[in-house]
Amino acid sequence: MCVHGFPTSSIDYFALSRELHSEFDIFLLDFPGYGLSEKPQAPFVYSLYDDARLLVHAITQVWKLGRYTMLTHDRGTSVGIIALTMLAAGDLPAEVILTNANIYLPLSNLTVFQTALLDPTTGRSTASATTPEMLAAGLGASTFMPRRTLADPEIAALAKCFAHNHGIQVLPDAIQYLNERAADETNWLEALSRNEVNTSVVWGLHDNVAPLRVPNFIWAAYLKDKPGRNRYWIVPTADHYLQCDAPHQLAQIVRLTVSGEQIPLQTLDARPDGAVLVDQTAGSGPPG
């Protein structure tokens, strides 16, 4: 199952799904405010905790998953980590794969656009001055590798998702999750450091929003010595949206993660764009 981030949606996993659909059942959802879901305006309050509860409900009551892998990205990584604290032991994933995300804000680089949306004095006016096409083109030009324009079908699809149900209008409300993250991110990471679920960090090297210093710190401080089998990967040809930039490489990592086999520290394959396994620790992992 795959968990999307801000300000996009489950469409981010289109290319990865094409790589893996013949081998795995893939479960996706769009949280409220994103993609093809409803996008309620104030006084509705967008919350990471509410989305984590929604994710837990989907896992346990809708999809009724048994053994599964959770793959998260961006805002969805915070949602996924919170969900791990809410899931009963028998409902936990066998593995969690955390990809590019600002999960430790002191080391992150918020963009000017994010900062303006977050500020109550400028958020509404910033959203009013932004069109779906502008937002999609801006993401394509700054967070994808290689850089992309609206002529790219993937970027054009983002614009359509932003336009659906007037999604741009709710961005100043939806982005307030960053305040929740600032307040509680250390608690979430400490909880993850005690969790026995096998945990892999997979990072696009060229990310300037969540630069490499973020996973370096998270790995050293919270994940390297946690229970379970834990791995830290870098994808050298990817930016923030590594599932779009390098779906082949990410799919290879998913397969290896699910297989549970031990592998040496090395480039995943002989190709120049192969993912690099930077570090790994081997523990007993979760029971069953």
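Computed from a prediction, not measured in an experiment: that's the story for all the values here.
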*Is it the case that Y177 and D51 place a side-chain donor and acceptor less than 3.5 Å from each other?*
no
*Side chain of D119, backbone of T121: donor and acceptor closer than 3.5 Å?*
yes
*Report the distance from atom CG of N187 to atom CD1 of I82, rounding to the nearest 0.5 Å.*
10.5 Å
_Which heavy atom of W203 sits nearest to which heavy atom of P211, and what is that distance?_
NE1-O, 3.9 Å
_Hydrophobic cluster identity match, F14 and L36, side-chain contacts under 4.5 Å_ = no
*Is the shortest heavy-atom distance from the side chain of V278 to the side chain of W233 under 4.5 Å?*
no
*So, D279 and R231, do they make that salt bridge, N to O below 4.0 Å?*
no
*Measuring from D239:CG to T143:OG1, what's the distance to the nearest 0.5 Å?*
6.0 Å
_Short side-chain to backbone donor-acceptor contact, W219 and V214, under 3.5 Å_ = no
*Kindly compute the distance separating NE2 (H164) from OG (S37), expressed to the nearest 0.5 Å.*
8.0 Å
*Going by an N to O cut-off under 4.0 Å, is there a salt bridge joining D207 and R213?*
no
*asked:* For a side-chain contact (heavy atoms from CB on, under 4.5 Å) check, start with the C-alpha distance between L139 and I155, then their side-chain angles and the critical distance, and finish with the verdict.
replied: CA-CA 8 Å; L139 289 173; I155 304 304; 5.8 Å; no
_Classify the ring geometry of Y46 against Y34: parallel below 30°, tilted from 30° to 60°, perpendicular beyond 60°._
perpendicular
*Honestly, is R75 close enough over F6, meaning NZ or CZ under 6.0 Å from the six-membered ring centre and within 45° of the axis?*
no
*Name of the residue among T69, N198, N230 meeting side chain to side chain donor-acceptor pair (under 3.5 Å) with E95*: T69
*Where the side chain of T99 meets the backbone of T72, is there a donor-acceptor pair that is under 3.5 Å apart?*
yes
*asked:* Looking at every non-hydrogen atom in both residues, tell me the closest pair between D12 and Q243 and how far apart they are.
replied: O-CG, 3.1 Å
*Give a yes or no answer on whether the side chain of E180 reaches the backbone of L48 with a donor-acceptor pair at less than 3.5 Å.*
yes
*asked:* When you compare the side chain of N102 with that of D74, does any pair of heavy atoms fall below 4.5 Å?
replied: no
_Pair C244-E154, side-chain contact (heavy atoms from CB on, under 4.5 Å): steps then yes or no_ = CA-CA 9 Å; C244 304; E154 209 158 15; 3.4 Å; yes
*asked:* With a 3.5 Å distance limit and no angle check, can you tell me whether Y222 reaches the backbone of R194 through a side-chain donor-acceptor pair?
replied: no
*Would you mind reporting whether S9 and D30 have side-chain heavy atoms less than 4.5 Å apart?*
yes
*When clusters are formed by joining ILVMFWY residues with side-chain heavy atoms under 4.5 Å apart, either directly or through shared neighbours, do F27 and V197 land in the same one?*
yes
*asked:* Would I59 and Y68 count as a side-chain contact (heavy atoms from CB on, under 4.5 Å) here? Give the steps.
replied: CA-CA 10 Å; I59 291 168; Y68 67 99; 3.6 Å; yes
*Please say whether more than 12 non-hydrogen atoms of neighbouring residues, nucleotides or ligands are located less than 6.0 Å from CD in E38.*
no
*Heavy-atom closest contact (I26 atom, S17 atom, distance)*: CD1-CA, 3.7 Å
*Whether T281 side chain and D225 backbone form a donor-acceptor pair below 3.5 Å*: no
_Chi angles and distances behind the side-chain contact (heavy atoms from CB on, under 4.5 Å) call for W188, T85_ = CA-CA 8 Å; W188 303 334; T85 70; 5.8 Å; no
*asked:* Show the nearest heavy-atom pair for residues M70 and V3, with the distance to one decimal.
replied: CG-CG2, 4.2 Å
*Donor-acceptor pair, R18 side chain versus Y13 backbone, under 3.5 Å?*
no
_Inter-residue atom distance L250.CG - I97.CD1, 0.5 Å rounding_ = 6.5 Å
_Residues K39, D173: salt bridge by 4.0 Å N-O rule_ = no
*asked:* Within the structure provided, determine whether L192 and L223 are in side-chain contact (heavy-atom separation under 4.5 Å).
replied: yes
*Search all heavy atoms of S193 against all heavy atoms of P227 and return the closest pair with its distance.*
O-CD, 3.3 Å
_Stepwise salt bridge (Lys or Arg N to Asp or Glu O under 4.0 Å) test for D245 and R148_ = CA-CA 10 Å; D245 295 344; R148 309 191 194 185; 3.4 Å; yes
*Is there a side-chain contact between S142 and H240 (heavy atoms, below 4.5 Å)?*
no
*asked:* So V258 and R67, do their side chains get closer than 4.5 Å, heavy atoms only?
replied: yes
*Kindly give the heavy-atom pair with the smallest separation between L212 and Y232, and that separation in Å.*
CD1-OH, 3.7 Å
_Is there a side-chain contact between S108 and Q114 in this structure, where contact means two heavy atoms from C-beta onward sitting under 4.5 Å apart?_
no
_Would you compute the distance between atom OG of S200 and atom CG of L98 and round it to the nearest 0.5 angstrom?_
8.0 Å
_Check: H248 side chain, E19 main-chain N or O, donor-acceptor pair, under 3.5 Å_ = no
*Would you kindly confirm whether M1 and M86 end up in one hydrophobic cluster when ILVMFWY residues are joined by side chain heavy atoms under 4.5 Å apart?*
yes
*ILVMFWY network linking Y241 to I234, side-chain heavy atoms under 4.5 angstrom*: yes
*Verify same cluster id: F44, I175 (apolar side-chain graph, 4.5 Å)*: no
*Is there side-chain contact between N195 and I81, with at least one heavy-atom pair below 4.5 Å?*
no
_Just verifying a value: how many Å separate L242 CG and H73 NE2, rounded to the nearest 0.5 Å?_
6.5 Å
